[in-house]
Peer 1: 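Once you've had a glance at the structure underneath, I'll fire off some questions.
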Amino acid sequence: MIFFCDNPPLKEKGFGLSVLTYNQLLGLGNAVRYLITFRGQNGITRTDIVGDASWPTLLCDDIFSRLVERNLKGKFRRLLESFGFLVYFPKVLAIARENPTSPIFAPIGSSASLLWRVLLLKLFTRNRMWLYFVDDIEFISKRLARPFELACAKLLLPAAIKSADRVFVISEGLGKAYLDRHGVSHRLILPCFRTIVPPPRKHEKDSKEFIFVFSGGLSFLYNDTLLLFQSAIRKFNLTQPPRGCRLIIQTYSPKSQFLSIGFDETVTEYRTSESRGDFLSYREADCFLIPYSFDPEATVMVSTSFPQKVAELLQMSRSILFFGPTYSSVISFFQKAGLPHVVDSSEPHAIGKAIRVLTSAPPENALLDRYAALHRAHFSPEATASVLVSEKGFTHPFGVPHRERAVGDRND
């Protein structure tokens, strides 16, 4: 398989699609013939991309390495990436033609920039083209007022989908949206993540605080629900002495954004870090929080999103509180899985009740075992690999990667 992506796979510095792609590559192992990518963001070096990689890599912006590793504006960066791709296009074609039976697997995020390159590759190669959509490009571009991206998506997305030999999506909600809009059949590949060294279990401590941790960027997908949760914590702390609660927001968003949203630092703490290995908050956590907005204007994004952090947090040996509307793909998935601590109401009494339940006792081993089984079956790199290698006409060179099977395991 040939991976072709805008966002480079990253083990340490990456977020979102970069981390997801890295873990997908881990699962496929020797089935990966080549990775074709770009640096993708400021401050990313060749070493960051290839240092932990066991797969051959072509960086299509290498010709501009001294420029693209600096702090460049987005439009200028995209221009250099486009020109670099055209310069390296003969090499890209040579890689494809040397591996004619290898599908080209293209993870596509919130930008339409990869679409024209996918169409160009499809025009000049005979390799099967497999597209993997992780975001609703059209809706995000409209919501974030990106008219150029929106125009490109409307022009190129239908053509790219039509040219694809296989379409994969990250969530049931996104699959339904693309089926309704573009009539595309699809398969589901949920996000995957492998924690090499999970944080140790939290030791009993003298502090009476119960710590909730939210991990991720601050955005309209989460902010209003985080504020609802903050209000619930404040009320809990007043009415349920002596044990209080605190919320830690572990984010790469700037603190100025945190303050502008209206968080109360007496109950909500801001944390940031450049590396996942520095997340002290993960070791402090009693429970992780995965929230989704109840705002009707965010319905499309909430229903189509399925973040990388879900796959990561299932491995942390902590309780997880899922808080959002039933039309969220995340909330729906874990409701169907029959997990506790899923709150699908924005009413204060509902989240207050969940907080009381969680703070009354530590998580049972049976719940942690269920998290582990769900991770193996649906959110591990091996689970992703099993979906891809089960495709007709694609054979893993060393057989299907081994993975433990969980109760109710399935590949869809």
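The first residue of the sequence shown is numbered 1, and numbering continues consecutively from there.
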Peer 1: Please tell me if the side chains of Val19 and Glu312 come closer than 4.5 Å, counting only heavy atoms from C-beta onward.
Peer 2: no

Peer 1: Thr37 side chain to Leu59 main-chain N or O, any donor-acceptor pair under 3.5 Å?
Peer 2: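 Checked: no pair found.
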
Peer 1: Within the distance-only criterion (no hydrogens, no angle test), does the side chain of Arg370 pair as donor or acceptor with the backbone N or O of Gly338 below 3.5 angstrom?
Peer 2: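 At least one qualifying donor-acceptor pair exists.
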
Peer 1: Are the side chain of Thr195 and the backbone N or O of Phe193 linked by a donor-acceptor pair below 3.5 Å?
Peer 2: no

Peer 1: Once you round to the nearest 0.5 Å, how far does CZ of Arg146 lie from SG of Cys152?
Peer 2: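 It is 10.5 Å, given to the nearest 0.5 Å.
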
Peer 1: Measure across Leu227 and Gly262 and return the closest heavy-atom pair with its distance rounded to 0.1 Å.
Peer 2: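 Here Leu227 and Gly262 meet closest at CD2-O, 3.9 Å.
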
Peer 1: Might you work through the side-chain contact (heavy atoms from CB on, under 4.5 Å) test for Thr384 and Leu190, ending with a clear yes or no?
Peer 2: CA-CA 7 Å; Thr384 293; Leu190 292 167; over 6 Å; no

Peer 1: Could you name each residue pair satisfying side chain to side chain donor-acceptor pair (under 3.5 Å) that touches residues 114-124, not counting sequence neighbours?
Peer 2: Asp6-Arg117, Ser82-Arg117, Lys122-Asp165

Peer 1: Taking Gln230 for its side chain and Asp264 for its backbone only, find out whether a donor-acceptor pair lies under 3.5 Å.
Peer 2: yes

Peer 1: Do His186 and Tyr178 make a side-chain contact, defined as non-hydrogen atoms from C-beta onward lying under 4.5 Å apart?
Peer 2: no

Peer 1: Can the ring centres of Phe214 and Phe212 be said to be less than 6.0 Å apart?
Peer 2: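 When the ring centroids of Phe214 and Phe212 are compared, they turn out to be at least 6.0 Å apart.
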
Peer 1: Counting only heavy atoms not in Tyr327 (residues, nucleotides, ligands), do more than 12 fall under 6.0 Å from its OH?
Peer 2: yes

Peer 1: Quick check for you: to the nearest 0.5 Å, what is the distance between Leu115 atom CG and Leu156 atom CG?
Peer 2: 5.5 Å

Peer 1: Hey, is the main chain of Glu138 close enough, under 3.5 Å, to the side chain of Ser141 for a donor-acceptor pair?
Peer 2: no

Peer 1: Would you call Arg318 and Asp286 a salt bridge, taking side-chain N to carboxylate O under 4.0 Å as the test?
Peer 2: no

Peer 1: Using the ring centroid of each side chain, check whether Tyr88 and Phe38 are separated by less than 6.0 Å.
Peer 2: no

Peer 1: Between Thr268 and Glu265 (side chain of the first, backbone of the second, donor and acceptor by atom type, cut-off under 3.5 Å), is there such a pair?
Peer 2: no

Peer 1: For the residue pair Leu80 and Asp61, establish whether any side-chain heavy-atom pair is separated by less than 4.5 Å.
Peer 2: no

Peer 1: With a distance cut-off below 6.0 Å to the six-membered ring centre and an angular limit of 45° from the axis, does Lys353 pair with Phe323 as a cation-pi contact?
Peer 2: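 Geometry flag: not set, cation outside 6.0 Å or 45°.
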
Peer 1: Taking only Lys NZ, Arg NE, NH1 and NH2, and the carboxylate oxygens of Asp or Glu, determine whether Arg181 and Asp136 approach each other closer than 4.0 Å.
Peer 2: yes

Peer 1: Determine yes or no for a side-chain-to-main-chain donor-acceptor pair under 3.5 angstrom, with Ser253 supplying the side chain and Leu218 the backbone.
Peer 2: yes

Peer 1: Apply side-chain contact (heavy atoms from CB on, under 4.5 Å) to the pair His341 and Phe322, showing each step before the final yes or no.
Peer 2: CA-CA 6 Å; His341 315 315; Phe322 301 91; 5.7 Å; no

Peer 1: Just verifying a value: how many Å separate Ile290 CD1 and Ile331 CD1, rounded to the nearest 0.5 Å?
Peer 2: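 Between atom CD1 of Ile290 and atom CD1 of Ile331 there are 8.0 Å.
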
Peer 1: Roughly how far, to the nearest 0.5 Å, is the CG atom of Leu226 from the CG atom of Leu289?
Peer 2: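 Leu289 CG to Leu226 CG: 6.0 Å, rounded to 0.5 Å.
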
Peer 1: If you count every heavy atom of other residues, nucleotides or ligands that lies below 6.0 Å from Gln335 atom CD, does the total exceed 12?
Peer 2: yes

Peer 1: Can you confirm if the aromatic rings of Phe168 and Phe133 lie within a centre distance of less than 6.0 Å?
Peer 2: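 Aromatic pair excluded; centres sit 6.0 Å or further apart.
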
Peer 1: State, yes or no, whether a side-chain contact exists between Asp369 and Glu364 at a heavy-atom distance under 4.5 Å.
Peer 2: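 SC-SC contact between Asp369 and Glu364 ruled out.
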
Peer 1: Is any side-chain heavy atom of Ile108 less than 4.5 Å from a side-chain heavy atom of Leu131?
Peer 2: yes

Peer 1: Name the residue from Asn223, Asp224, Thr225 that meets the side-chain hydrogen bond (donor to acceptor under 3.5 Å, both in side chains) definition with Ser293.
Peer 2: Asp224

Peer 1: Counting C-beta onward and ignoring hydrogens, is there a side-chain heavy-atom pair between Tyr132 and Val134 closer than 4.5 Å?
Peer 2: yes

Peer 1: Do Phe333 and Phe379 have their ring centres less than 6.0 Å from each other?
Peer 2: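 They qualify: ring centres under 6.0 Å apart.
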
Peer 1: Under a 4.0 Å N-O cut-off, is there an ion pair linking Arg39 with Asp48?
Peer 2: no

Peer 1: Measuring centre to centre across the rings, with the benzene-like ring taken for any Trp, is Tyr282 within less than 6.0 Å of Phe288?
Peer 2: yes

Peer 1: Indicate yes or no for a side-chain donor-acceptor contact from Ser329 to the backbone of Ser303 under 3.5 Å, with no hydrogens or angles considered.
Peer 2: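 Flag set: sc Ser329 to bb Ser303 pair under 3.5 Å.
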
Peer 1: Would you mind reporting whether Leu20 and Cys192 have side-chain heavy atoms less than 4.5 Å apart?
Peer 2: yes

Peer 1: Answer whether the closest heavy-atom distance between the side chains of Thr272 and Lys255 falls below 4.5 Å.
Peer 2: no

Peer 1: Indicate yes or no: does Glu269 engage Arg246 in a salt bridge with an N to O separation below 4.0 Å.
Peer 2: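 Salt bridge flag = yes for Arg246 with Glu269.
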
Peer 1: Once you round to the nearest 0.5 Å, how far does CH2 of Trp130 lie from OG of Ser102?
Peer 2: 9.5 Å

Peer 1: Has Thr57 got a side-chain atom pairing as donor or acceptor with Ala53's backbone, closer than 3.5 angstrom?
Peer 2: no

Peer 1: Any carboxylate oxygen within less than 4.0 angstrom of a Lys/Arg side-chain nitrogen, looking at Glu284 and Arg271?
Peer 2: yes

Peer 1: In this structure, are over 12 heavy atoms from other groups packed under 6.0 Å from Phe220 atom CZ?
Peer 2: yes

Peer 1: Is it the case that the side chain of Thr359 and the backbone of Ile355 share a donor-acceptor pair, with hydrogens and angles ignored and the cut-off at 3.5 Å?
Peer 2: yes

Peer 1: Would you please say whether a donor-acceptor pair under 3.5 Å links the side chains of Arg126 and Thr101?
Peer 2: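 The answer is no; no qualifying pair exists.
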
Peer 1: Can the ring centroids of Phe4 and Phe85 be said to lie less than 6.0 angstrom from one another?
Peer 2: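 They qualify: ring centres under 6.0 Å apart.
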
Peer 1: Strictly by modelled atom types, are Ser305 and Tyr292 linked by a side-chain donor-acceptor pair under 3.5 Å?
Peer 2: yes

Peer 1: Enter the distance from Gln315:CD to Ser380:OG here, rounded to the nearest 0.5 Å.
Peer 2: 8.5 Å

Peer 1: If we count only N and O atoms by modelled type, under 3.5 Å, do the side chains of Ser281 and Gln250 hold a donor and an acceptor together?
Peer 2: yes

